[in-house]
Amino acid sequence: MEPNIVSINDFSKQDLFNILKIAKRMEKPHPNLLKGKTLATLFFEPSTRTRLSFIYAMESLGGKVLGFDDASTSSAEKGESLWDTAKIVEKYCDVMVIRHPTEGSARLAAEASSKPVINAGDGANQHPTQTLLDLYTIQKTKKTLNNLSVGLLGDLKYGRTVHSLVKALSHFNTTFYFIAPPALQMPQTYLDELKKKGIKFYTESNLQKVSKNLDVLYVTRIQKERFPDPVEYQKYKGYYKLDTNLLKHIKKNMKILHPLPRVDEMDRSLDNTSHAVYFEQAANGIPVRKALLALVLGKAK
Amino acid sequence: MKKEMSISAIREGTAIDHIPSKDAFNVAKILNLKNVKGTISVATNLSSKGMKKKGIIKIGNKSLTQEEVNKIAILAPNATVNIIRDYTVKKKMKVALPNVIKKAIKCSNPNCITNKEDAETVFSVLNKTPLKVKCHYCERLMGREDITLL
């Protein structure tokens, strides 16, 4: 397997299984596993949850963390290239985590750096650690990844978590239900690819029409920041508002995931139902990121 | 009828044949021939048995590099490249699209790192006809219509 975690597309089904297996082991404490190792966090754009969970993961394995979370305090502000930043930071760390607003940045940093690089989001492209914790959550709450009917709801056009998750789930004979207003449906290239692989999928804008078929419902926020046109955003803001009415039309053990943060697409009244697993999902970021840190540093197989 | 050459022969150099007529000038452009000292001829709308109308480019005193041949393949996948020595064809090459195209195409994603930093572009060729390529960095998929050459 690649020593870097850049894109979910780099991983085979076996790689994914292996990461999930290590993540399960990481539910238990391993306080000295990464003792003497340093993680550098290069956050060129803010992300509280991802950054905190990486810091927590590294420190709970006995490692140290340094870095920045605001590009204006880094030398990028002075015009330094990402390539040079990666070349310099590699001298201070054993592994680096990078979040950057430009697509392809993590791949470039990985090529520049002699130390492993973990992508914590490169613009609208990839966020593989999110995808892995999504998979981990599905596996943990449904006891399997195979043959599930998975609904993905919200902004399917711009949502990178959705695109990556669809890629990852394509290994597991998933039936997909893409639930979105027509203008925010899955891009055709993804649908073509599923067709080519013979994977079953349905597109729909009305959740109620398909909700009873679902084993998993993955809800996403309509992301204001990804819309090229703010007028377009206003049109779709608040398009879906899920509340306990949904529960009348679903399977008993259907699970609801959400990468968070949520805005108004999912009412708090759902939080205390057995279906809501999104807070558990966020917490699963810890064992998954611990697993990835241990893996790229050669401390887990 | 007397057979006439519509484009003059060269003694040494490269002749690129079977270019789609409409792309002859584009091929000339991407080869960056400004500094070539030898004679250069670009001909378009020539009649051709196989392709109705075709274009030909002849470049005196220049042999093409692999990179340049790759660029031709993106625009003119059926072109032939003839290396000329002493007025005769010494070597005939079919252009072939490689599996990976380096330093020839610009990524159509304006937010791709290759458009923001000094980074060489790399594309993997997913499909040759119709052409479909994928940016190694931002993973954007591009078809023939999205491609601009560097």
Side-chain angles (χ1 to χ4, degrees), chain A residues 2 4 6-11 42 44-45 71 75-76 79-87 98-113 117 119 121-128 131 158 160 163-164 166-167 186-193 196-197 225-228, chain B residues 23 30 32 65-71 73-77 96-150:
Chain A
E2 270 259 333
N4 303 297
V6 170
S7 165
I8 205 74
N9 299 325
D10 298 339
F11 301 115
L42 281 63
F44 293 89
E45 66 176 9
S75 49
E80 183 175 69
S81 69
L82 177 61
W83 180 274
D84 286 359
T85 304
K87 278 273 173 223
I98 173 170
R99 157 152 317 196
H100 196 283
T102 306
E103 285 109 54
S105 51
R107 180 82 65 198
L108 188 78
E111 286 172 355
S113 167
V117 169
N119 183 6
D122 60 328
N125 184 33
Q126 285 275 330
H127 190 0
T131 309
Y158 298 110
R160 71 178 167 197
H163 301 164
S164 298
V166 168
K167 275 273 191 181
M186 278 297 275
Q188 194 58 42
T189 49
Y190 287 92
L191 300 181
D192 289 345
E193 209 172 310
K196 215 164 117 188
K197 287 185 187 159
E225 67 275 22
R226 304 277 176 229
F227 274 80
Chain B
D23 283 319
I30 60 163
N32 196 15
T65 64
Q66 188 60 46
E67 244 167 49
E68 288 165 329
V69 173
N70 291 351
K71 285 189 181 186
I74 300 160
L75 287 175
L97 208 53
N99 294 327
V100 176
I101 302 171
K102 288 184 182 173
K103 292 193 284 184
I105 311 177
K106 186 176 152 55
C107 184
S108 67
N109 174 6
N111 199 37
C112 175
I113 192 80
T114 58
N115 288 318
K116 303 242 171 176
E117 277 206 12
D118 184 21
E120 287 175 355
T121 66
V122 180
F123 287 85
S124 48
V125 177
L126 302 183
N127 203 29
K128 295 194 176 178
T129 37
L131 185 61
K132 197 169 162 196
V133 298
K134 182 179 171 187
C135 176
H136 168 67
Y137 292 97
C138 77
E139 308 191 1
R140 165 80 60 106
L141 295 174
M142 292 174 11
R144 170 74 178 81
E145 64 286 358
D146 308 312
I147 289 178
T148 37
L149 294 139
L150 283 173

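Everything quoted here is computed from the prediction, not taken from an experiment.
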Discussion item. Measuring only between side-chain heavy atoms, which start at C-beta, is A/Glu193 closer than 4.5 Å to A/Lys167?
Written reply: yes

Discussion item. The test is side chain to side chain donor-acceptor pair (under 3.5 Å); show your working for A/Asp122 and A/Gln126 and say whether it passes.
Written reply: CA-CA 6 Å; A/Asp122 60 328; A/Gln126 285 275 330; over 6 Å; no

Worksheet item: Is the distance between the ring centroids of B/Phe123 and B/His136 under 6.0 Å?
Response: no

Practice prompt. Please flag which part of A/Ser81 lies under 4.5 Å from any non-hydrogen atom of chain B: side chain, backbone, both or neither.
Written response: both

Worksheet item: Which atoms of B/Asn111 come close to chain A, meaning under 4.5 Å heavy atom to heavy atom: side chain ones, backbone ones, both, or neither?
Response: both

Worksheet item: Just one of B/Thr148, B/Asn115, B/Thr114 clears the side-chain hydrogen bond (donor to acceptor under 3.5 Å, both in side chains) bar with B/Lys106, so which one?
Response: B/Asn115

Discussion item. Can you tell me which of A/Ala106, A/Ser7, A/Gly123 forms the most heavy-atom pairs within a distance under 4.5 Å of chain B?
Written reply: A/Ser7

